[in-house]
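Step one of this worksheet: look at the structure below.
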Amino acid sequence: WEIEIVDSAAIYPYNFSSNTLALDSVNKPHVVYGRKDQNKIIYAYPIVSGWHKEVVESGLFYYGFSLIFDNDDIAHLSYYRKDDALNKTYVCYARRDTAGWLNEAVDSSNGYLGNYFLNFNSSIDLDTSGLPGIAYYAWNVEDSLHYIKYAHYNGIDWDTSIVARDTTWHHRYPLDYSPSLKFDRESTPHIAFYRFRSDTHTDT
């Protein structure tokens with residue numbers, strides 16, 4: 001393995017929150033990661049002099065990244081945005097074009113997804129028309145239930161639906177987690193995830 005440094009921070013745990021990698025059409029690696037010490041999402045790719053870095057979004061805490069390229073080598077990104085001031089968590093989508101990054105919130109949850117956000121992920125894929133779909137977590141703070149949800153952009157708006165929901169409110173962590181999304185050749189979404197049912201048995 002050849003290893004090179006993309007970025008570095010002062011020695012402190014969790015200064016980097018999570019990361020994702022995708023290859024463009026010429027197999028150049030592109031990395032997205034969160035710098036918790038700077039409250040930024042960083043997008044990086046190699047150039048002759050090292051790694052080019054640019055800010056996707058800044059100001060809050062970001063994690064759970066998933067990156068993919070379309071046929072035109074445009075980068076598409078999904079992630080979570082944690083807003084302490086509003087006590088909300090957003091699942092977000094970003095697309096990189098020649099003018100920079102376009103960001104939007106796809107869905108939101110009141111409250112946080114817990115203190116285990118470093119293990120959280122979102123998953124993005126593109127259908128046969130190049131439109132993005134995202135599999136992600138949500139939390140209903142009113143009933144303390146977690147969900148795996150799915151969002152798809154129809155060209156105008158985002159359609160969202162619940163894939164799976166917890167059935168036991170007293171667990172304050174998700175019982176369904178780690179979604180992974182892929183579209184087939186008919187643009188049908190397929191989602192794999194883990195399920196933990198400690199209320200009925202101890203298996204995952």
Side-chain angles (χ1 to χ4, degrees), residues 1-9 14-36 38-47 50-82 89-107 113 117-138 148-153 158 160 163 177-184 187 189-193:
W1 289 88
E2 297 180 6
I3 300 174
E4 57 186 284
I5 295 173
V6 176
D7 201 351
S8 63
Y14 313 122
N15 267 341
F16 296 104
S17 57
S18 57
N19 71 85
T20 183
L21 177 145
L23 302 178
D24 62 20
S25 61
V26 295
N27 289 321
K28 178 187 292 186
H30 298 247
V31 181
V32 172
Y33 56 96
R35 287 207 57 156
K36 186 178 178 182
Q38 298 178 353
N39 289 333
K40 293 178 180 178
I41 306 174
I42 307 295
Y43 172 75
Y45 56 88
I47 56 176
W51 285 80
H52 169 80
K53 304 181 190 72
E54 58 192 52
V55 176
V56 177
E57 188 177 334
S58 64
L60 299 172
F61 180 52
Y62 310 96
Y63 58 100
F65 308 113
S66 180
L67 176 67
I68 194 169
F69 284 93
D70 62 24
N71 293 331
D72 297 317
D73 271 346
I74 294 174
H76 301 256
L77 176 70
S78 63
Y79 59 96
Y80 299 100
R81 175 196 296 154
K82 181 171 173 281
T89 300
Y90 302 86
V91 61
C92 300
Y93 165 77
R95 178 172 57 87
R96 185 179 188 264
D97 64 12
T98 55
W101 285 89
L102 304 174
N103 312 66
E104 62 179 306
V106 174
D107 199 359
L113 295 173
F117 45 72
L118 292 178
N119 297 320
F120 268 49
N121 70 292
S122 63
S123 181
I124 191 170
D125 196 23
L126 304 176
D127 66 17
T128 55
S129 299
L131 298 174
I134 302 172
Y136 59 99
Y137 299 95
I148 289 180
K149 296 184 73 174
Y150 165 73
H152 181 253
Y153 186 65
W158 289 88
T160 63
V163 177
Y177 57 99
S178 193
S180 181
L181 169 69
K182 285 294 177 184
F183 287 102
D184 63 22
S187 288
H190 299 255
I191 297 174
F193 60 93

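We number each residue from 1, following the sequence as shown.
- Within the 4.5 Å cutoff, side-chain heavy atoms of Ser178 are placed close to those of Tyr137.
- Between the side chain of Asp70 and the backbone N or O of Asp72, at least one donor-acceptor pair lies under 3.5 Å.
- At most 12 non-hydrogen atoms from other residues, nucleotides or ligands lie less than 6.0 angstrom from CD1 of Ile5.
- Taken to the nearest 0.5 Å, the OG1 atom of Thr20 stands 9.5 Å off from the CG atom of Asn121.
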Q.
With side chain to side chain contact (heavy atoms under 4.5 Å, CB included) as the criterion, how do Thr89 and Tyr63 come out once you've worked through the C-alpha distance, each side chain's angles and the decisive distance to 0.1 Å?
A. CA-CA 11 Å; Thr89 300; Tyr63 58 100; 3.8 Å; yes

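- Looking at heavy atoms from C-beta onward, Leu77 lies out of side-chain contact with Tyr43 at the 4.5 angstrom threshold.
- Taking 4.5 Å as the limit, some side-chain heavy atom of Pro46 sits within range of a side-chain heavy atom of Trp51.
- No donor-acceptor pair closer than 3.5 Å links the side chain of Asn15 to the backbone N or O of Arg35.
- Between the CD1 atom in Ile68 and the CD1 atom in Ile134 there is a gap of 11.0 Å [rounded to 0.5 Å].
- Lys28 NZ to Asp73 CG: the interatomic distance, rounded to the nearest 0.5 Å, is 9.5 Å.
- More than 12 heavy-atom neighbours from other residues, nucleotides or ligands sit within 6.0 angstrom of CG on Asp184.
- A donor-acceptor pair shorter than 3.5 Å cannot be found between the side chains of Ser122 and Ser66.
- Residues meeting the side chain to side chain donor-acceptor pair (under 3.5 Å) test with Tyr136, sequence neighbours left out: Asp107.
- Leu102 CG to Tyr93 OH: the interatomic distance, rounded to the nearest 0.5 Å, is 8.5 Å.
- In this structure, Lys182 contributes its side chain and Ala192 its backbone to no donor-acceptor pair below 3.5 Å.
- Classification of the Phe65-Tyr79 ring pair by plane angle, with boundaries at 30° and 60°, yields tilted.
- Between Tyr45 and His52, the ring planes are tilted. Angles from 30° to 60° get that label.
- The side-chain heavy atoms of Pro189 and Leu181, taken from C-beta on, include a pair separated by under 4.5 Å.
- If you take CD1 on Ile41 and CD on Glu54, they are separated by 12.0 Å, rounding to the nearest 0.5 Å.
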